[in-house]
Participant: 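My questions all concern the structure below.
Numbering of ligands and ligand atoms starts at 1, following listing order. These numbers come from a predicted model, not from an experiment. Computation of the quantities below employed the complete heavy-atom set of this structure, encompassing side-chain atoms and omitting hydrogens, waters and symmetry-equivalent molecules.
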Amino acid sequence: MGVFASTEDPGSTGHEQVVFCQDKQSGLKAIIGIYSTALGPALGGTRFYPYASEDDALADVLDLSRGMAYKNALAGLDLGGGKAVIWGDPEQIKSEALLRAYGRFVESLAGRYYTACDVGTYVADMDVIARETSYVTGRSVEHGGAGDSSILTAWGVFQGMRAAAEHVWGTPSLAGRRVGVAGLGKVGKYLTGHLLDDGAEVVATDVNPKALEWVRATHPQVALVDDAAALVAADIDVYAPCALGGALNDDTVPALRAKVVAGAANNQLAHPGIEKLLADRGVLYAPDYVVNAGGVIQVADEIEGFNFDRAKLRATRIYDTTREILRLADDEGVPPAVAADRLAERRMAEVGRLRTIHLR
Ligand SMILES: NC(=O)c1ccc[n+]([C@@H]2O[C@H](COP(=O)([O-])OP(=O)(O)OC[C@H]3O[C@@H](n4cnc5c(N)ncnc54)[C@H](O)[C@@H]3O)[C@@H](O)[C@H]2O)c1
């Protein structure tokens, strides 16, 4: 394994293992971060991205792998948290040799880390990686994979939103509520369908004209606004960020009229402290990593041999988990994001501890 220089100190972040991988001929430079295997092998996708520096790549993998440990813990999975980054522009350097070299490094961890898709990697890439390792999921249907994870992601977000609605309005039904969906991509489209089926009014926005065309043709009753800022300021009951991270920030939170935030986007809170700002304004935030876990539930199910009904049942439980978090937040007088972290840490500690019972 090649080691390229780093100025970060992973030892100070609580990660179990950080592996630098290099294959000069194919141009592969990857970092695999394993935050915790307390609950089982670490699962998390591979991000292929042209980071400005090695330090940026390392910071991202440390952050993302820690996030996966919390997400997998609250999704009820027997899986720990990990993530990998490949440093480089996928448009320029992605090749069969590079992906297979990466697959061999994943294999060398002997099952401590399972990889899957993330930004810059796709189902077809997982099929290539799988030629070198069995520790890969999120594969194509023709290779026994589960296919599009956004179906269950949207279903899980809908369940989390129902739990939040119940907490605020006493009923999980979204009938008659106005829901603002920012981003009509893979997840936003399915979410819009669930909301309309439940009797909600949907107001939406997207920067991509094709997404707008789709919604005009498929759901003409959906009202459209110019941009995310207009959506935040609109008279909506629920805000569902389904595009990029950082949707909840110092500009949007003061302008927000919704009482509930529940959406698919990762890392919605722009910085620490935003969760308190939301709570102070009386906005109930259903933590992103709790409600958007349907995708990881799907790829985790694939490890067992994919069964859609079983995976959907697991994603439906996001309703119960969100309820539990909101109750805990009230009981402990903390924002839901803090309660979610506490619940995840509790499960990792309580269930992880069982490994100390000697078996043979
Ligand atoms: N797909 C999954 O299974 C999954 C799982 C967990 C989390 N997520 C997260 O959910 C979010 C959406 O994922 P996706 O798979 O639907 O992605 P996507 O790329 O298919 O859709 C994102 C949509 O947002 C739109 N968009 C981008 N910037 C925008 C802006 N400023 N204002 C309004 N719209 C904008 C894009 O045009 C696109 O239509 C991402 O943050 C993703 O990380 C996705």
Participant: Among residues two or more places apart or on two chains, list those pairs meeting side-chain hydrogen bond (donor to acceptor under 3.5 Å, both in side chains) that have a residue in residues 203-212.
Facilitator: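 Counting only pairs at least two positions apart or across chains, no side-chain hydrogen bond (donor to acceptor under 3.5 Å, both in side chains) contact touches residues 203-212.
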
Participant: What distance separates F306 CZ from R139 CZ, expressed to the nearest 0.5 Å?
Facilitator: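 That separation rounds to 14.5 Å.
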
Participant: Tell me every residue that passes side chain to side chain contact (heavy atoms under 4.5 Å, CB included) with A234, counting only those two or more places apart in sequence or in another chain.
Facilitator: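 Only I236 meet the side chain to side chain contact (heavy atoms under 4.5 Å, CB included) criterion with A234.
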
Participant: Would you say the side-chain atoms of N249 and T252 include a donor-acceptor pair closer than 3.5 Å?
Facilitator: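 Yes.
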
Participant: Compile the protein residues with any heavy atom at a distance under 4.0 Å from an atom of ligand 1; present them by chain, then by number.
Facilitator: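 Within the 4.0 Å shell of ligand 1, which is judged on heavy atoms, sit S149, S150, T153, G183, L184, G185, K186, V187, D206, V207, N208, C242, A243, L244, A264, A265, N266, N292.
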
Participant: Tell me the salt bridge (Lys or Arg N to Asp or Glu O under 4.0 Å) pairs involving residues 92-103, sequence neighbours left out?
Facilitator: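 Those involving residues 92-103 are K94-D125, E96-R100, E96-R131, R100-E132.
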
Participant: Considering only NZ, NE, NH1 and NH2 on the basic side and carboxylate oxygens on the acidic side, decide whether E166 and R177 come within less than 4.0 Å.
Facilitator: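 Result for this pair is no, no salt bridge flagged.
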
